[in-house]
Amino acid sequence: MSDVSNASIPDYLDDLIERARAEDGQPPFSDQSLVELERGDRTLLGSEHGAAILSDNELELVIYPDHRGQGHGTEIVDTVFREHPGVAYAWAHGDHPASRALAARFGFTPVRTLLQLRAELDLPVSERSSSSSGNRISPFRVGVDDTAWLTLNATAFADHPEQGSLTQRDLDDRIAEPWFNADDFLILRDGDTMIGFCWLKVEGDIGEIYAVGMDPARQGEGLGRVLMDAGLARIAEHGIRTAALYVEADNTPALALYDRYGFTQHTIDIRYQRTIC
């Protein structure tokens, strides 16, 4: 088992991710972890049984589906704490019994729950409220809208530990991803002022509402419905029938909105904190 720098990421990682995704119904690592791994800000610790991606204080781990139940997760976590003792948090993508048992064994307790919701679309999907009170929706303009969007995103997600802290470098990295399409990054404008957005990530047969946000000062105007309608209509334009999104389990207003669109729980992600060392 060894640490791997971003300059020598082994070829097996993509295969491991796809095999885990097929088995578990969701990716084993967050987009942010993979972006930071590619640019050298995170470390990959791998073996023939699985892999962990590490930041200074956080761990994400996956074991090959056919190697599970044989103690390999324990072996990798033992190595993590021997070589990276500062790790205090861990994400388990999928609330699997084995993940809960492994977390308990190493003194982790759950501190955050993230839900993936999915909805089946009846095609075609009508864009019921594409504009309101003179507002309009148009695609993101790379290199033009960057600063305004980063400012709006930081304001809309001021209390969100990941989304609200995105930088220009983070945005650039996502724009460079194969899945990025500016036409799937929908911006809601009031005149020339950006007041909301619905960013889509379309891969395979899933259309993910990657991030949806609005100016907090404009809450109560029904803009959430405008953005959701536009996003789902755009997903339908791709001929995709399944929409997905992630939401905090304690975000009651968002859950109520998504319930009205027919979204139901698909998977659960748990963030753990190590309380016993």
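Keep in mind that what you see is a predicted model, and the values were worked out from it rather than measured.
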[X] and [Y]: which non-hydrogen atoms are nearest, and at how many Å?
X: A182; Y: P139; result: O-CB, 3.5 Å
X: A230; Y: I137; result: CB-CD1, 3.4 Å
X: R274; Y: V87; result: CD-O, 4.4 Å
X: D31; Y: W179; result: OD2-CZ2, 4.4 Å
X: I76; Y: A51; result: CD1-N, 4.0 Å
X: G25; Y: Q116; result: O-NE2, 4.3 Å

For the hydrophobic clusters of this structure (ILVMFWY residues joined by side-chain heavy atoms under 4.5 Å, transitively), does one cluster hold both [X] and [Y]?
X: I268; Y: L102; value: yes
X: Y246; Y: I240; value: no
X: L186; Y: V226; value: yes
X: L37; Y: V62; value: yes
X: F157; Y: L150; value: yes

query = When the ring planes of F106 and F81 are compared, do they come out parallel, tilted or perpendicular, using 30° and 60° as the limits?
reply = tilted
request  = Measure up the F185 and W149 rings against each other and bin them: parallel (under 30°), tilted (30 to 60°), perpendicular (over 60°).
outcome  = perpendicular
message = Please tell me whether F29 and W91 form a close aromatic pair, meaning their ring centres lie under 6.0 Å apart.
response = no
Verify, without hydrogens or angle tests, whether [X] (side chain) and [Y] (backbone) share a donor-acceptor contact under 3.5 angstrom.
X: T267; Y: L115; answer: no
X: D184; Y: L200; answer: no
X: D145; Y: R141; answer: yes
X: D146; Y: G143; answer: yes
X: T79; Y: E75; answer: yes
X: S99; Y: D95; answer: no
X: H84; Y: G86; answer: no
X: E60; Y: S30; answer: yes

Derivation and outcome, side chain to side chain donor-acceptor pair (under 3.5 Å), residues N153 and Q163 = CA-CA 8 Å; N153 180 71; Q163 183 69 27; 2.8 Å; yes
Tell me whether [X] is salt-bridged to [Y], with the criterion being a basic N under 4.0 Å from an acidic carboxylate O.
X: K201; Y: E177; result: no
X: D229; Y: R225; result: no
X: D190; Y: R136; result: no
X: R112; Y: E162; result: yes
X: R68; Y: D24; result: yes

ask   = Taking T242 as the fixed residue, which of L121, D205, I206 is the one that meets the side chain to side chain contact (heavy atoms under 4.5 Å, CB included) rule?
value = I206
query = Honestly, is R271 close enough over F108, meaning NZ or CZ under 6.0 Å from the six-membered ring centre and within 45° of the axis?
reply = no
query = Roughly how far apart are L61 CG and L54 CG, rounded to 0.5 Å?
reply = 9.5 Å
D41 side chain reached by V35 side chain, heavy atoms, under 4.5 Å = no
task = Determine, step by step, whether E221 and N135 satisfy the side chain to side chain donor-acceptor pair (under 3.5 Å) criterion, reporting the C-alpha distance in whole Å, the side-chain angles of both residues, the deciding distance to 0.1 Å, and the verdict.
result = CA-CA 11 Å; E221 299 181 24; N135 300 332; 5.0 Å; no
request  = Evaluate side chain to side chain donor-acceptor pair (under 3.5 Å) for Q32 paired with R174, printing each intermediate quantity in order.
outcome  = CA-CA 9 Å; Q32 188 67 16; R174 283 160 175 76; 2.4 Å; yes
